[in-house]
Amino acid sequence: MPLNKSVENLSEDEARGELRRLAKVLTNSNVAYHSEDKPNIDDATYDALKRRNQKIELRFPQLKLPKSATDQIGAQPKEGFQKIQHTIKMLSLGNAFNQEDVNDFVIRIKKFLSIPVAHPLSMVAEPKIDGLSLAVRYEKGKLVHAVTRGDGEIGEDVTANAKSIDDIPITIFDAPDLLEVRGEVYMGHSEFTALNDFQLNSKQKLFSNPRNAAAGSLRQLDARITRDRPLKFYAYAWGSISSPLGRTQTESVNQLKKFGFSVNPLFRRFETTDGLVEHYKYVEKIRPDLGYDIDGMVYKVDDLALQERLGFRSTAPRWAIAHKFPAEMAWTQLIDIDIQVGRTGALSPVARLKPVTVGGVVVSNATLHNEDYIRGVDSKGHKIRDGKDIRIGDYVQVYRAGDVIPKVSDVDLSRRPKDSIPFDFLKKLEAEGIEGHRADGDAVWRYSGKQPSPYLAIETLKHFVSRQAFDIEGLGTKQIEQFFDRGWITIPLDIFTLKNKYGSGQALQLKNIEGWGTKSASNLFDSIDQKREIPLNRFIFALGIRHVGEGSAKLLAAQFLTWNNFTRAMVEAVPESEPWEALLNIDGIGDVMAKSVIEPFQDVAQLNEINALVDQLVVLPFEQINKANSPIAGQTIVFTGTLEKMTRAEAKARAERLGAKVSGSVSPKTNILIAGSGAGSKIKKASEFGVRIMDEEDWISLIEET
DNA sequence: TATCCTCGAGTTCC
DNA sequence: CTCGAGGATA
């Protein structure tokens with residue numbers, strides 16, 4: 001059958017044969033290109049064949065093969081990329097929304113470092129590009145891989161695609177043996193417009209903004225598509241590195257430039273906060289003419305030694321901040337207010353809006369937080385939005401906080417319908433048939449209806465399989481809802497007994513459900529089996545105990561180390577008992593949390609359920625993160641008195657980075673007491689317990705050993 | 001007791 | 001991303 005016979009003239013039979021033939025050729029070519037890295041046909045031919053395939057499918061949709069090459073591209077990029085763990089986490093940044101926030105940020109840093117507030121501090125500023133972060137790793141000057149930010153810990157391997165970006169060199173000269181360059185992949189305005197013109201002409205989906213276009217292009221499974229997309233890259237930071245690039249941020253960025261990376265031309269250094277803000281205003285003014293999207297400025301402490309001292313908080317460095325430009329606003333009408341039930345029973349109001357475009361995205365829902373937020377006055381009498389309440393029918397101003405979460409920021413009273421009435425939270429709950437209760441001093445209403453409630457049960461299950469908990473592939477929100485509706489999975493235990501009940505034997509019931517076949521069913525059972533081993537901290541988190549998130553679950557796991565220890569202690573932990581004290585001794589756990597943690601273990605029904613669940617699992621002991629071989633790793637340290645060389649906050653951060661636990665009070669479990677000047681009762685207590693006591697000088701020399 | 005900091009929980013759209 | 005609340009600290 002001739003390839004050049006035009007699609008319009010093909011008979012149905014010819015088309016069927018041609019589709020089969022094309023499928024074979026395209027699949028072979030994909031394998032050759034991706035898996036063997038040796039293309040067997042040239043790009044132009046490949047593209048021509050693919051377009052032809054598409055055209056035939058368009059004309060004879062009924063003939064479309066189940067595994068069409070047109071679908072494969074773009075349909076599975078999620079599975080298509082290998083996951084790679086970042087050696088050094090890719091963190092996000094704290095935000096400043098006005099000059100005051102920036103001042104606070106600089107003052108906080110100076111206090112942390114005990115630099116007088118009036119003293120100058122070198123800071124650098126550069127635009128914050130609205131694109132995607134990428135980490136590019138070089139070994140002996142050769143690009144070995146490029147990984148997207150992902151969740152900060154694990155990203156996707158997009159090496160083949162990154163190599164096609166001109167701003168990213170494949171080879172760099174005189175580089176350190178190991179160099180991981182971090183920067184932003186983005187698309188310029190003119191390139192974006194041109195791409196959308198092309199998409200329009202070829203009847204393909206338009207991109208809503210340059211950022212989405214850049215994301216879509218970088219995450220193409222087919223690197224040839226990425227190559228044709230005009231992506232750019234600005235380098236602004238580094239991750240793992242075998243030798244420093246400089247002593248300051250400025251020197252390091254200059255060095256990156258010498259290696260051949262593009263760096264932002266608006267990078268500047270300033271000695272004062274005013275300088276930073278002036279630069280911010282200048283960039284804001286020229287923003288429309290830059291030719292690419294930015295959403296603010298990033299400020300960093302210039303001196304790398306100071307950056308090191310400042311270190312990191314749980315999600316962001318202390319030494320950097322993003323100063324955001326004001327968000328785009330839009331006005332629209334509030335059609336209704338609905339109530340949503342969360343996992344913990346929190347009843348949250350959600351605004352249903354007349355769809356409106358804000359920052360290139362159509363928004364039709366927005367969070368309203370709680371009853372007070374709607375009323376316009378919080379429980380302490382503080383005004384929100386100048387005290388304007390939000391009513392159904394109102395015209396409201398909407399923006400996307402952090403360019404993501406839609407929020408209602410203002411109400412146009414002049415357009416308020418004459419007959420509108422204030423929103424009555426309780427009445428709404430009654431109308432919906434939801435029993436709720438708002439505790440004294442709390443802002444949230446909570447579900448107070450009969451347990452077990454289907455609302456809570458399903459949210460509990462979603463939490464259980466979520467990424468930070470069991471992370472079971474192929475068992476997401478949709479599947480949980482499907483199984484819940486059938487009554488197959490109503491509690492977490494059911495997930496692990498699913499195969500026995502419905503997946504094997506003569507029944508094989510799962511494959512009879514819509515959307516499930518034998519193959520997908522067995523895939524699901526495999527991925528469930530894979531997760532039967534789970535680290536203690538993840539398991540505690542998965543239980544969904546109120547007040548216990550990822551962080552606190554880790555604290556608990558670190559304290560009790562094994563599931564047996566933990567569960568025994570929780571069963572025995574009545575107030576004033578020894579395990580109760582052990583709980584409260586954990587830095588970060590107080591009585592509210594302690595009470596919450598022991599509750600499920602002291603209720604027979606819940607405890608039985610947990611035990612039955614554990615029977616299906618292997619809960620792995622908590623693994624101490626190897627904090628190198630620091631002399632204080634694993635030790636519990638208490639600071640007291642006034643330290644001269646560093647602030648308490650810095651001392652604490654330093655100790656924690658070296659693997660020590662910093663506690664507030666001396667107990668028999670304390671290993672070291674560091675006593676600054678003016679220390680009192682704690683020294684006495686420490687000597688009673690035989691705790692090692694050292695002064696600030698000893699402490700400094702101890703940490704400088706490492 | 002008041003204030004600061006950090007974490008948990010809930011949120012949207014693609 | 002934001003808000004509220006819990007925990008630590010002064």
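Model, not experiment: these values are computed from the prediction. In what follows, chains are A, B, ... by sequence order, proteins preceding strands, each numbered from 1.
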| message | Measure CG/A:L368 against P/C:dC3 and give the value in whole Å, please. | response | 13 Å
| field | For atom NZ of A:K407 and atom P of C:dC1, their distance in whole Å | value | 13 Å
| Rounded to the nearest Å, what distance is computed from the CD1 atom of residue A:I586 to the C1' atom of nucleotide C:dA8? | 15 Å
| task | Name all residues meeting the ring-ring contact (aromatic ring centres under 6.0 Å, His included) criterion together with A:F207; count only those two or more places apart in sequence or in a different chain, and write none if there are none. | result | none
| Electrostatic pair A:R211-A:D293, nearest N-O below 4.0 angstrom | no
| field | Residue met sooner reading DNA chain C from 5', once A:N370 and A:G94 are mapped to nucleotides | value | A:G94
| request: Whole angstrom is fine here: how far is it from CG in A:L347 over to P in C:dC3? | output: 20 Å
| note | From the candidates C:dG4, C:dG6, B:dC5, the one with an atom nearest any side-chain atom of A:M593 is C:dG6
| said: Nearest 0.5 angstrom please: A:R546 CZ to A:S596 OG, how far? | reply: 6.5 Å
| task | Pick base, sugar-phosphate or nothing for A:Y399, based on heavy-atom distances below 4.0 Å to the nucleic acid. | result | nothing
| query | Just how far, in rounded Å, is C1' of C:dA8 from CG of A:L584? | reply | 13 Å
| note | Rounded to whole Å, CG of A:L556 lies from P of C:dG6 at a distance of 16 Å
| request: For the side chain of A:N95, starting at C-beta, report the closest nucleotide among C:dC1, C:dG6, B:dG8. | output: C:dC1
| task | Please check if the distance between the ring centroids of A:Y292 and A:H189 is under 6.0 Å. | result | no
| request: Considering only NZ, NE, NH1 and NH2 on the basic side and carboxylate oxygens on the acidic side, decide whether A:D130 and A:K128 come within less than 4.0 Å. | output: no
| What is the distance, rounded to the nearest whole Å, between atom CG of A:L583 and atom P of C:dG6? | 17 Å
| query | Rounding to a whole Å, what distance do you find between A:W445:CH2 and C:dG4:P? | reply | 16 Å
| task | Taking atom CD of A:Q468 as the centre, report whether more than 12 heavy atoms of other residues, nucleotides or ligands fall under 6.0 Å from it. | result | yes
| With respect to the phosphate group of C:dC1, does any side-chain polar atom (N or O) of A:K324 fall under 4.0 Å of OP1 or OP2? | no
| task | Select one nucleotide: of B:dT6, C:dG4, C:dT2, the one nearest the side-chain heavy atoms of A:F97. | result | C:dT2
| request: Would you please indicate if the ring centroids of A:H323 and A:F97 are separated by under 6.0 Å? | output: no
| note | Contact string for nucleotides 9-14 of chain B, one letter per nucleotide 5' to 3', B = base within protein heavy-atom range under 4.0 Å, S = sugar-phosphate only, - = neither, reads SSBBS-
